[in-house]
Structure formats: C-alpha cells, structure tokens
2 protein chains.
Amino acid sequence: MRLPVQRARQVCPVEVAVSVLGGAWKLTVVKHLFDGPRRFGELGRLVPRANRKTLTRQLRELEEDGVVARTVHEQVPPKVEYSLTELGRSLHPVVTAMDAWGEHFEARTASQRPA
Amino acid sequence: MRLPVQRARQVCPVEVAVSVLGGAWKLTVVKHLFDGPRRFGELGRLVPRANRKTLTRQLRELEEDGVVARTVHEQVPPKVEYSLTELGRSLHPVVTAMDAWGEHFEARTASQRPA
DNA sequence: CTGTATCCGCAGTGATACTG
DNA sequence: CAGTATCACTGCGGATACAG
C-alpha cells in the first residue's frame, strides 16, 4: 500500500479515505465509472484537465488500492476498460455526498466566480 | 478563493469538494469539531502528526473557505477557539460517509497492515 | 489506442527555532 | 498559548516526445 495511506491509518479513518481518494481527478473518475465501464480515452475526455501520464498514475493507484479493475482486451488497436470493483461501488455514498457538497459550496460562493 | 479550487470548478463538483477538503488533516479536524469547539492546542493533540505550521495553514484555508470559524479570546495567555460554520456543519454527511468508508477500507486491507 | 520515458516546476508538508 | 519565520525536501502533477 502507498505510504501516505499507511501514515493516515495512524490518525483517523477519514484521513485514510482522503489518502486513497484525494489524488487529482480520482473521485471524478470514480464518479464517471458509476455510469459503467469506460475506456482510457473516454476517461481522458471526461476529465479534460488530466493528461495521460497523470491519468495513468491515478488509475494505477486506484487499481492498487482495489477500487477499480483494469481489463485489457487483446486487440489491435488496443482496448483497455476500467470498471469499479465491489470496493469501488461501496464508494457510492461518498461520491454522492461529495458531489452534493461540492455543488452546495459552489452555489454558496457563486458571487466569487470569475467567469 | 484558492487556485486549486478554481481549477476544480471547471471539471466536476466532486473535484471541488476534494480541493477544499483534501488537504492533510483537514477532514480529521472537521470531524473533531463536530464534537464541539476546540482550541488550537487541543486540535494539535487530536491530530498528532500535524505540526503547528501545517495545522495553522489548514485551519486558515478552512476559514477562508467558510468551513470553520476562528474566535480569538483576548486573554493572557491567549485562547483561540475553532468551530464549525453552517457550511462546515453541512459536511456531516461527507464526514460520515468518508469515515465509514475509511474503516471499511482498513478492514478490507487489514492483512496488509504492518504493525 | 494506450500507454511509457524523461524532465521539470512547484505546491504541499514538515523540522526547528523564535515571538507576542 | 498560539502562533510566525525560515529553510528544506518530497512527490504530485504536468509537458512533451516516444513506443507496442
């Protein structure tokens, strides 16, 4: 397991969750995977600000932590699909709560929005 | 508002929530504040791995984002209390979900625990 | 199409010492 | 007690080019 996660264990369960899910775009990816399996390129389009390397790293960490499953279809051209594991699907309440709060936060600070 | 939050707005509400709450020890602090107002030193003891500088920064960001309120009591010695704002209290579902998932994750990976 | 390799900047985190 | 100042490090996140 990754070191930040290990450290978080010594403090609080919420900190563990943050360590596993707090990386850039991770929860966004998980959210989209609730709509069904997605290919690498699809995720890249759904999370436009994440470049390939970063997206690959986040997916590998999510895979390492048992949240997503990676399926390679032996084809030419290659096709790789990502889907949620059972542990990943158990994130549904978290994603729902975070999504709702994010919207609430945005609405509350709408006056500070630049454009 | 902080830049990471601004960037997250362009992607997804869950990413906004991660940007606001994803800092080290932030959700742990919020969780403890649900038990009532806490002084700076108390929070330092409740989150043992956070040093003063880091804890100060996280609290300032949470204050800036309207999640916590900072109350200075003009005394000698000084006394500063942190409490949740209404926006902070609206985090209750998030903290509950994250805490439960963190425990679930720990239980599931207990075999990999080092000590 | 789905990656990897290389290089890089810097924000986030921290240790330590000092201050009102 | 509740911070701030200073210095430093690490690794995340990213740009770009290459590969199977």
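Sequence lines set the chain letters: A, B, ... in the order given, protein chains first and strands last, and positions in each chain run from 1.
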Using a heavy-atom cut-off of 4.0 Å to chain A, what are the terminal contacting nucleotides of DNA chain C, in 5' to 3' order?
dC1(C) to dG14(C)
Leu55(A) CG - dC12(D) P separation (whole Å)
16 Å
Would you mind writing out the side-chain donor-acceptor pairs for residues 79-86 of chain A within the sub-3.5 Å range, not counting sequence neighbours?
{"from": "Tyr82(A)", "atom 1": "OH", "to": "Arg70(A)", "atom 2": "NE", "distance (Å)": "3.4"}
{"from": "Thr85(A)", "atom 1": "OG1", "to": "Gly66(A)", "atom 2": "O", "distance (Å)": "2.5"}
{"from": "Thr85(A)", "atom 1": "OG1", "to": "Val67(A)", "atom 2": "O", "distance (Å)": "3.0"}
{"from": "Thr85(A)", "atom 1": "OG1", "to": "Leu87(A)", "atom 2": "N", "distance (Å)": "3.3"}
{"from": "Thr85(A)", "atom 1": "OG1", "to": "Gly88(A)", "atom 2": "N", "distance (Å)": "3.1"}

Quick one: salt bridge (charged side-chain N to carboxylate O under 4.0 Å, His left out) pairs with a partner in residues 24-51 of chain A, sequence neighbours left out?
Lys26(A)-Glu61(A), Lys31(A)-Asp99(A)
Nearest-angstrom distance from the residue atom CZ of Arg2(A) to P of dG11(D):
13 Å
No-hydrogen, no-angle side-chain donor-acceptor test under 3.5 Å, Ser90(A) and Trp101(B)
yes
Expressed in angstrom and rounded to an integer, what is the separation of Arg39(B) atom CZ from dG3(D) atom P?
10 Å
Nearest whole Å is fine: how far is dG11(D) P from Arg7(A) CZ?
10 Å
Rounded distance in Å - CG (Leu59(A)) to C1' (dG13(D)):
14 Å
How would you list, by chain and number, every residue that makes a ring pair (Phe, Tyr, Trp, His ring centres under 6.0 Å) with His104(B), sequence neighbours excluded?
none
How large an angle, rounded to 10°, do the end axes of the helix from dC1(C)-dG20(D) to dG20(C)-dC1(D) enclose when each is built from five base pairs?
50°
How does each nucleotide of nucleotides 15-20 of chain D score, in 5' to 3' order, for protein heavy atoms under 4.0 Å: base (B), sugar-phosphate only (S), or none (-)?
B-B--B
